[in-house]
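By convention in this document, chain letters (A, B, ...) are assigned in the order of the sequence lines, proteins followed by strands, and residues within each chain are numbered from 1. Just the heavy atoms: all of them, side chains too, but no hydrogens, waters or symmetry mates, feed the values below.
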Amino acid sequence: MIAVELRKMLRRPRTWATILLLNALPTLVAVLLAVTDLGPRPGTGPAFLSAVLSDGTLFPLAALAIILPLFLPIAVAVIAGDSVAGEAQSGTLRYLLVRPVGRTRLLVAKLISVIAFVLLAVVIVAVTAYVVGSLLLGDQPLAASVSGTTLTPEQVAVRTALAIGYITLSMLGVAAIALFLSTITDSPLAAALGALAFLIASSLLLTLDAAEALQPYLPTRYWLSFVDLFRDPIFWRDILRGVGLQAVYVVVLLGAAWANFTTKDVTS
Amino acid sequence: MIRTAALTKRFGSILAVDGVSLDVRAGDIYGFLGANGSGKTTTVRMILGLVLATSGKIQLLGQPMPGAGRAALTEVGALVEGPAAYGHLSGRANLGLLDAMGKGGVRRTRARRIDEVLEQVGLAAVGRRPVKAYSLGMRQRLGLAAALLRQPRLLVLDEPTNGLDPQGIREIRELLLQLHASGTTVFLSSHLLAEVEQLCTRVGVLDRGRLVLQDDLAKLQAPTGRTVVHTPDQDRARVLLDGRIEHRDRDRLVVRGADAAELNAMLVSGGVRVTELGPERRSLEQVVLAATDTSSHQVGVTR
Amino acid sequence: MTAVRRWLVVGLGLAVLLALPSVLGALPAAQSELSAAELLERVQESGDVSYSGYAEAVGGLQLPVTQDFTDLVDLFGDRSRLRVWWRTAEDWRVDTLSATGETDLFHRGGDTLMWEYEDDRATLTREPDIRLPRNADLLPTELGRRLLSEATAEEVTRIPAIRVAGRDAPGLRLRPADRRTTVDRVEVWVDPQSGLPLRVQVYGAGSDTAALTATFLELTVAEPSEADTSFIAPPGSEFRFEDVVDVAAAANEFAPAVAPNRLAGLDRRDDLRQGAVGAYGRGVTLLVAAPIWDDISRPLRDQLEGTPGAQIDDSGVYVSVGPLGLLLTPGSRSQRSWLVAGTVDRQTLAEAASELVQIPVEDG
């Protein structure tokens with residue numbers, strides 16, 4: 001059943017359109033950087049963007065940092081918000097359920113398919129950015145870590161892979177929120193917008209000192225911690241917390257989705 | 001096959017289904033009649049486990065629903081309130097995905113079964129076209145194909161002829177009769193009296209959430225013990241039949257007495273020309289109207 | 001299972017997950033039998049202990065200065081996230097983490113190297129005699145030891161142990177005996193085995209919230225490897241050497257005035273080499289006097305005068321931020337400005353200022 005959900009996701013034109021859009025912005029940034037040779041001032045702009053001017057092989061990370069705050073979560077919210085509500089809206093949900101497909105299993109399969117989408121999107125963005133970065137910005141045999149030590153290409157590859165994994169996991173919270181909302185409403189748009197509203201609130205509260213007590217619980221709190229993978233030695237603390245936090249979001253919201261959906265009257 | 005006991009569903013303060021006790025037996029073609037909004041679809045959804053009953057019990061293929069009955073759904077094919085499919089995929093791909101979902105779809109035989117059902121519903125030629133290019137009738141056929149995909153013991157069909165042209169309706173009717181002949185029980189929910197009358201062996205009538213009638217069609221349409229005579233020689237017939245006439249309407253007479261042959265002989269020997277003569281049977285429309293009583297205007301009588 | 005039961009299960013799970021951190025935080029810490037004097041002694045002798053870890057320092061002081069002092073503003077007004085590898089006082093590394101990069105200090109002998117990732121730049125300086133506070137000074141170990149270094153056994157009392165970085169840490173409270181200080185109390189929680197301060201809170205007079213909090217969140221008491229504190233500039237980065245680390249060091253080195261040996265009744269600290277900048281006092285009663293060039297004093301004066309709550313009189317412009325007091329004496333053609341700052345009350349600052357303006361200025 002998970003395989004079926006994956007096939008459905010992969011055969012959807014929208015999946016590929018979304019991934020194409022996700023690639024557009026980093027590629028544009030790479031072109032602009034290559035043409036103007038103007039990097040962001042230190043301390044401003046997305047992580048790693050100032051470093052890519054001297055080493056294009058770091059561009060996958062800059063590209064991920066570019067899409068991470070907004071583009072990627074929007075894509076995830078739309079895809080996850082559509083997962084149940086979209087089936088309800090098109091009427092296919094009732095046919096799935098009388099097949100019969102267990103409702104809990106359907107939720108889990110939907111979540112896994114969303115995660116697979118994120119992984120696919122992130123990997124494609126990283127690969128595209130590597131190609132674009134190497135071609136347009138040139139490469140260096142040795143890259144510098146954030147701590148100023150030298151990283152071999154193998155180390156960069158391993159850490160980039162870890163970053164891809166971490167960013168994928170970071171999207172779990174959004175996916176779970178959108179999936180939960182998707183079981184409440186029959187409108188995919190409402191579910192996606194609800195999840196986005198939650199994220200925007202979370203980002204806003206993170207900038208507010210008065211909300212400090214809430215901050216460890218906010219889903220976006222540890223998003224940027226993928227930078228910690230490029231410190232030397234790797235700073236695991238926030239990464240582990242980030243993964244744990246996302247796990248909590250998944251457990252709680254998948255639980256809520258389960259509580260709501262398994263006894264819900266499907267009248268669509 | 002389907003048995004419900006005092007099935008009730010409440011949506012907030014609205015009582016959608018009120019104490020319905022259905023009994024669909026193996027080998028039936030059960031016609032479930034009711035006006036739009038009478039609770040038909042809600043009942044069908046409860047039987048299929050999509051909507052949870054407020055109270056009452058459901059048994060599907062002998063299993064309680066919801067619960068163990070969910071497993072029994074593998075042997076049920078259903079078409080609920082119109083077909084649905086993924087528009088960007090072909091009809092064939094849609095059937096493939098649906099069959100791969102849940103238990104019961106054997107992968108080895110999938111391609112063959114899809115070919116078969118597409119052939120059965122008359123979509124073999126367009127199976128590879130994306131569904132968004134299908135007409136309403138083609139989608140309806142695809143929905144039927146999906147219901148047939150696993151050779152179910154029980155077919156639950158909600159308005160299966162929606163959007164079909166008369167030719168299509170006849171094809172589907174023949175298909176259902178053929179399936180029935182090969183041992184499939186059919187539960188057909190419809191607001192079209194004619195459809196049910198032509199097809200079904202058993203009828204249940206739902207009116208404003210209540211089951212007002214449930215019986216074999218043959219029994220409902222059994223001869224009433226009267227005979228209908230059409231004759232241009234009204235006066236002579238009246239003299240001859242003397243008091244046995246219960247109702248007169250132009251050249252149509254309703255005569256007490258079930259023996260049509262005896263009546264015919266009597267009229268002919270009395271010199272009365274008979275244009276038409278036969279035992280009186282009530283139409284399903286009359287039965288339903290009588291059963292639903294004051295709410296008759298709610299039952300569609302479209303032919 | 002009914003819908004209500006399902007929601008109950010989910011609600012219960014959520015409650016457990018939400019409560020878990022605070023329940024863990026509220027776990028009682030093992031109390032210690034150590035007396036205040038014993039604990040103080042352990043802290044004062046912990047200078048040679050090697051360790052590594054992660055600490056956060058939160059300052060609540062909004063310094064009304066910019067330009068040459070931006071680092072200082074961040075240091076005392078913001079949250080600093082610090083990673084530390086400490087082999088000895090002469091061989092350590094402290095990373096200050098930011099969301100998109102980091103600034104690292106590598107200290108070896110008399111040299112300090114600063115790596116700024118986002119500028120792709122390494123800067124080597126000689127360690128000056130006097131300098132402005134920097135991030136490494138906010139490590140609980142450094143801060144705690146500095147604040148307790150001159151405390152006497154009479155000034156400290158024991159407070160209950162808490163858990164810091166997974167360790168049971170008995171606490172010490174320092175109430176300075178000197179009435180002139182604006183520091184009400186300093187609380188330090190200590191790892192009893194190593195004597196390392198794990199958490200430090202500084203309270204200004206009349207305030208219930210800490211003006212400065214530094215705490216370890218992770219700590220390993222073991223010698224870090226040499227590789228952790230070594231730095232080799234990556235290829236392509238900028239490498240430069242700078243004589244002067246900051247404004248204070250520059251003033252100390254080049255300013256054409258010399259601070260006196262005694263100021264406002266406080267003795268000059270002899271742990272700092274003689275220079276233009278003088279540091280006075282003992283323990284948490286600290287006073288610093290620095291002669292200021294005109295090009296720095298003018299914008300600084302404008303800024304201080306524009307600060308809400310600034311008080312201006314004959315002795316100069318006075319601003320207090322938490323326990324920290326700043327006083328800038330008026331300058332004129334024949335008169336250098338002096339910046340007097342420290343954790344002492346206004347009266348002491350004014351006294352110091354009036355003594356300083358008597359000092360003749362050599363023409364630089």
Looking at OG of A:Ser147 and CZ of C:Arg93, how far apart are the two atoms once the value is rounded to the nearest 0.5 Å?
5.0 Å

Within this structure, what is the OG1-CG distance for the pair C:Thr100 and A:Leu224, rounded to the nearest 0.5 Å?
8.5 Å

Under 4.0 Å between a Lys/Arg side-chain N and an Asp/Glu carboxylate O for C:Arg79 and A:Asp209?
no

Atom pair OG1/CZ of A:Thr262 and C:Arg6 - distance to nearest 0.5 Å
3.0 Å

If you round to the nearest 0.5 Å, how far is CZ of A:Arg231 from CG of C:Asp95?
8.0 Å

Side chain, backbone, both or neither: which part of C:Leu8 has a non-hydrogen atom closer than 4.5 Å to chain A?
neither

Does any non-hydrogen side-chain atom of A:Trp236 lie less than 4.5 Å from one of C:Glu218?
no

Between A:Pro233 and chain C, which part of the residue has a heavy atom less than 4.5 Å away: side chain, backbone, both or neither?
both

Do C:Trp7 and A:Asn260 have side chains that approach each other closer than 4.5 Å (heavy atoms only, starting at C-beta)?
yes

For A:Tyr249, is the OH atom crowded, meaning more than 12 foreign heavy atoms sit under 6.0 Å from it?
yes

Under 4.5 Å, heavy atom to heavy atom, which residues of residues 168-185 of chain A contact chain C?
A:Phe180

C:Tyr203 OH: over 12 foreign heavy atoms closer than 6.0 Å:
yes

What do the steps show when you test C:Arg81 against A:Asp238 for salt bridge (charged side-chain N to carboxylate O under 4.0 Å, His left out), and what is the final call?
CA-CA 12 Å; C:Arg81 303 165 63 218; A:Asp238 283 1; 2.8 Å; yes

Could you tell me which portion of A:Ser145 (side chain, backbone, both or neither) has an atom closer than 4.5 angstrom to a non-hydrogen atom of chain C?
backbone

Does any backbone or side-chain atom of C:Ile232 lie under 4.5 Å from a heavy atom of chain A? Answer side chain, backbone, both or neither.
backbone

Answer yes or no: is there a side-chain heavy-atom contact under 4.5 Å between A:Trp258 and C:Val10?
yes

Does any backbone or side-chain atom of C:Ser98 lie under 4.5 Å from a heavy atom of chain A? Answer side chain, backbone, both or neither.
backbone

What heavy-atom pair brings A:Tyr217 and C:Pro21 nearest, and what distance separates the two atoms?
OH-CG, 3.7 Å

Mutual orientation of the aromatic rings belonging to A:Phe235 and C:Tyr54 [parallel < 30°, tilted 30-60°, perpendicular > 60°]
tilted

Side chain, backbone, both or neither of A:Val252 within contact of chain C (heavy atoms, under 4.5 Å):
both

Do you know which two heavy atoms are closest between C:Pro234 and A:Gly148, and how far apart they sit?
CD-O, 3.2 Å

